Amino acid sequence: QVQLVESGGGLVQAGGSLRLSCAASGRTSSTYAMGWFRQAPGKERDFVAATAWSGGATYYADSVKGRFTISRDNAKRTVYLQMNSLKPEDTAVYYCAARAYSGSYYKGSDYHYWGQGTQVTVSS
């Protein structure tokens, strides 16, 4: 079993920055890719960013490209999402997720483990 715990959410003004963290524990050796997803009220869960523990290739949704950066610390088994130039439309609950080797970086349904989520609110 793998446990994921997000932290770092909060309220920030438009144009501001926030850094989210996702700490993984348990059988983390069974995970290959880590992703960030978000869900606003009344909307579907959307892909935000993803990376792999090995290699470190990164993938981003077009809506956050150039503003968000995903990174990892393998020793701490922690993934980060640096969020800059935040917009009100970034307001959502942000979820950390993990999947095994096989699967898509972009599809939430391919991820096996999910954190509890952390709220990000961007005021205008």
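Given the structure is predicted, the values throughout are model-derived calculations rather than measurements.
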Using the disulfide (SG to SG under 2.5 Å) rule, collect all pairs that involve residues 31-73, keeping only residues at least two apart or in two chains.
-> none
For residues 9-104, the disulfide (SG to SG under 2.5 Å) pairs (sequence neighbours left out) are C22-C96
What residue pairs, at least two apart or across chains, pass salt bridge (charged side-chain N to carboxylate O under 4.0 Å, His left out) with a residue in residues 52-62?
->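 Qualifying pairs: D62-K65.
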Where at least one partner belongs to residues 63-89, residue pairs that pass ring pair (Phe, Tyr, Trp, His ring centres under 6.0 Å), sequence neighbours excluded | none
Please tabulate, for the side chains in residues 41-50, all donor-acceptor contacts under 3.5 angstrom to protein atoms that are two or more places apart in sequence or on a different chain.
none

Distance from Y94 atom OH to L20 atom CG, nearest 0.5 Å?
->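 Answer rounded to 0.5 Å: 7.5 Å.
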To the nearest 0.5 Å, tell me how far R72 CZ sits from T58 OG1.
-> 10.0 Å
Any link between [X] and [Y] through a network of hydrophobic side chains (Ile, Leu, Val, Met, Phe, Trp, Tyr) touching at under 4.5 Å?
X	Y	result
Y106	Y101	yes
V79	M83	yes
Y95	L81	no
I70	V93	no

Could you pull out all donor-acceptor pairs under 3.5 Å where a side-chain atom in residues 116-124 meets a protein atom, sequence neighbours excluded?
residue: Q116; atom: NE2; partner: E6; partner atom: O; Å: 3.1
residue: Q116; atom: NE2; partner: E6; partner atom: OE1; Å: 3.4
residue: T118; atom: OG1; partner: G9; partner atom: N; Å: 3.2
residue: Q119; atom: NE2; partner: A92; partner atom: O; Å: 3.4
residue: Q119; atom: NE2; partner: T121; partner atom: OG1; Å: 3.3

In short, G10 meets L18 closest at the heavy-atom pair N-CD2, 3.8 Å
Salt bridge (charged side-chain N to carboxylate O under 4.0 Å, His left out) against R38, all qualifying residues, sequence neighbours excluded | D90
M34 versus R99: any side-chain heavy-atom pair under 4.5 Å?
->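 No, their side chains stay 4.5 Å or more apart.
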Determine which pairs satisfy side-chain hydrogen bond (donor to acceptor under 3.5 Å, both in side chains) with at least one residue from residues 11-36, sequence neighbours left out, and list them in order.
->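 Checked against side-chain hydrogen bond (donor to acceptor under 3.5 Å, both in side chains) - neighbours excluded - the pairs reaching residues 11-36 are Q3-S25, S17-N84, T28-R77, T31-W53.
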With sequence neighbours left out, what residues match Y105 under ring-ring contact (aromatic ring centres under 6.0 Å, His included)?
->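 Applying ring-ring contact (aromatic ring centres under 6.0 Å, His included) to Y105 gives Y59.
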Is a side-chain donor or acceptor of D110 paired with a backbone partner of S104 at a separation under 3.5 angstrom?
->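 Yes; at least one donor-acceptor contact below 3.5 Å.
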